Every structure is written in structure tokens, then in C-alpha cells.
Amino acid sequence: DDIVARLVEAFRVGGMLLIEEADYFPLAGMTSPAVFEVTSALVGGWTWARTIPMTVSQLPVSDIAVTMDTSMLQGGSPEAAFWTHTLRSVEDRLTLPHLARANGHPPVAQDTFNEAMQLLADESFWTPLAAVVCVSCRRHA
């Protein structure tokens, strides 16, 4: 929020700001308990984006526009490959009890992790994952 305020401050009058950020509230609608458990352990707390419109509303701006785009993730897609790589890169932090607890969540069972990886590779698997919040505004006096 402080960075957003400093950005607006740095703009000339009439300058425009565009912020896009992912928010993971669609996790609640996931179609797989395994994928939910694995991804929510990593991104479930990423909720700042939903507050951007309120933050911007408190600043010297006008013409605030807000949209939210939510899509479905398909297994076997480039996006699923990205998430597979991301989750594999932090697998130990998600599954090993001492590392998981140190990161503030219960450990994910290895079988659950493996099931999630299989689903992310399966082209017949579809699930909501994230929403992108897009906020634009114009600096005024």
C-alpha cells in the first residue's frame, strides 16, 4: 500500500497508474482437494490484490476503474506446466513437516502432492486457480 501511494505521488497530474496483481480467492472453488491442498499451502495467503481498490480510493486520484479476470487452469497446459515447476521447486517446503511448519502451514502428504502433480499433467483436468485484479486510475491535484 505504501508503494502504491508513493507511485501516485510520483506521477504528474493527469498521469495514469495501472496495477495488476493475482489474488487466490478462487482456490475455494477448486475441483480437486489435492490440488487445493498443495496450492493453498503456497499461495492461499496471497490476498493483497483484493484490497487495491480501497487503497487507491484513499489517494489523490480519479477515474478509478477495476476489473477482475478469472480463468480456468487446464491440466497439461503451459500454465499448468508453470505451476508444476513452481510447486516442484518448493516441494520440500510443502511436504517435509519441519519445513512446512516453519512456513506456517501443516505439511502436505507426499501422496497428495503426487496426486496434484498428476492432475496438473492431465489435459482433462480443469480448475479455477487465481483471479487477476486490475486497477487503473489518474492522478489529480
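Note that the coordinates shown come from a computational prediction; the quantities given were computed from them, not determined experimentally. Starting from 1, each residue takes its place in the sequence as its number.
Met16 and Val4 fall into different hydrophobic clusters, defined by Ile, Leu, Val, Met, Phe, Trp and Tyr side-chain heavy atoms under 4.5 Å apart, directly or through other members. The hydrophobic cluster containing Val38 also contains Val90, counting ILVMFWY residues as joined when their side-chain heavy atoms lie under 4.5 angstrom apart, directly or transitively. Hydrophobic clustering (side-chain heavy atoms under 4.5 Å, transitive across Ile, Leu, Val, Met, Phe, Trp, Tyr) keeps Val13 apart from Leu18. Val8 and Ile3 fall within a single hydrophobic cluster, where Ile, Leu, Val, Met, Phe, Trp and Tyr side chains are chained together by heavy-atom contacts under 4.5 Å. Residues Leu7 and Val56 share a single hydrophobic cluster, defined by chaining ILVMFWY side chains whose heavy atoms lie under 4.5 Å apart.
Closest approach of Ala130 to Pro26, counting heavy atoms only: C-CG, 3.7 Å. The two residues Leu17 and Ile19 have their closest heavy-atom pair at CD2-CD1, 3.8 Å. Closest approach of Pro53 to Ala49, counting heavy atoms only: CD-O, 3.8 Å. The two residues Leu94 and Ala100 make their nearest non-hydrogen contact at O-CB, 3.8 Å.
For the pair Val133/Phe25, no side-chain contact is recorded, criterion being any heavy-atom separation below 4.5 Å from C-beta on. The shortest distance between side-chain heavy atoms of Ile52 and Glu21 falls below 4.5 Å. Using a 4.5 Å heavy-atom cutoff, the side chains of Phe11 and Val61 are not in contact. Here the side chains of Met117 and Leu87 are in contact, with some heavy-atom distance below 4.5 Å. Side-chain contact check for Pro60 versus Arg139: some heavy-atom pair is nearer than 4.5 Å. Using a 4.5 Å heavy-atom threshold, the side chains of Pro107 and Arg101 count as touching.
One distance of note links CG of Asp69 with CD of Glu20; it measures 9.0 Å at 0.5 Å rounding. Atom CD of Glu115 sits about 5.5 Å away from atom OG of Ser32, to the nearest 0.5 Å. For the atom pair NE2 of His105 and CD of Glu37, the computed distance is 10.0 Å after rounding to the nearest 0.5 Å. The distance from atom CD1 of Ile64 to atom CE of Met54, rounded to the nearest 0.5 Å, is 12.0 Å. Of the inter-residue distances, the one linking His98 atom NE2 with Arg93 atom CZ reads 12.0 Å to the nearest 0.5 angstrom.
Here the side chain of Arg138 pairs a donor or acceptor atom with the backbone of Gly14 at under 3.5 angstrom. Using modelled atom types, one side-chain atom of Asp23 and one backbone atom of Arg50 make a donor-acceptor pair closer than 3.5 Å. Counting only distance, with no hydrogens or angles, the side chain of Gln74 and the backbone of Glu123 share a donor-acceptor pair below 3.5 Å. The closest donor-acceptor contact from the side chain of Asn103 to the backbone of Leu99 lies under 3.5 Å. The backbone N or O of Val108 sits nowhere less than 3.5 Å from a side-chain atom of Thr112 that would complete a donor-acceptor pair.
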Does the side-chain contact (heavy atoms from CB on, under 4.5 Å) test come out yes or no for Thr127 and Phe36, once each step is laid out? CA-CA 10 Å; Thr127 193; Phe36 170 81; over 6 Å; no
Is there a side-chain contact (heavy atoms from CB on, under 4.5 Å) between Leu120 and Leu73 once you walk through the steps? CA-CA 9 Å; Leu120 289 173; Leu73 174 114; 3.5 Å; yes
Between Leu129 and Tyr24, does a side-chain contact (heavy atoms from CB on, under 4.5 Å) hold up when you go through it step by step? CA-CA 7 Å; Leu129 178 62; Tyr24 288 90; 4.3 Å; yes
Determine whether Glu91 and Phe113 satisfy the following criterion, side-chain contact (heavy atoms from CB on, under 4.5 Å), listing intermediate values before the conclusion. CA-CA 8 Å; Glu91 181 175 354; Phe113 186 89; 3.4 Å; yes
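Taking Ile, Leu, Val, Met, Phe, Trp and Tyr as members and joining any whose side-chain heavy atoms lie under 4.5 Å apart, directly or through other members, the hydrophobic cluster of Trp126 also contains Met72.
A salt bridge does not link Glu9 with Arg6: none of the charged nitrogens is closer than 4.0 Å to a carboxylate oxygen.
For the 3.5 Å distance criterion, the side chains of Trp48 and Asp1 qualify, holding a donor opposite an acceptor.
A search for side-chain hydrogen bond (donor to acceptor under 3.5 Å, both in side chains) contacts involving Asn114 returns Gln110, not counting sequence neighbours.
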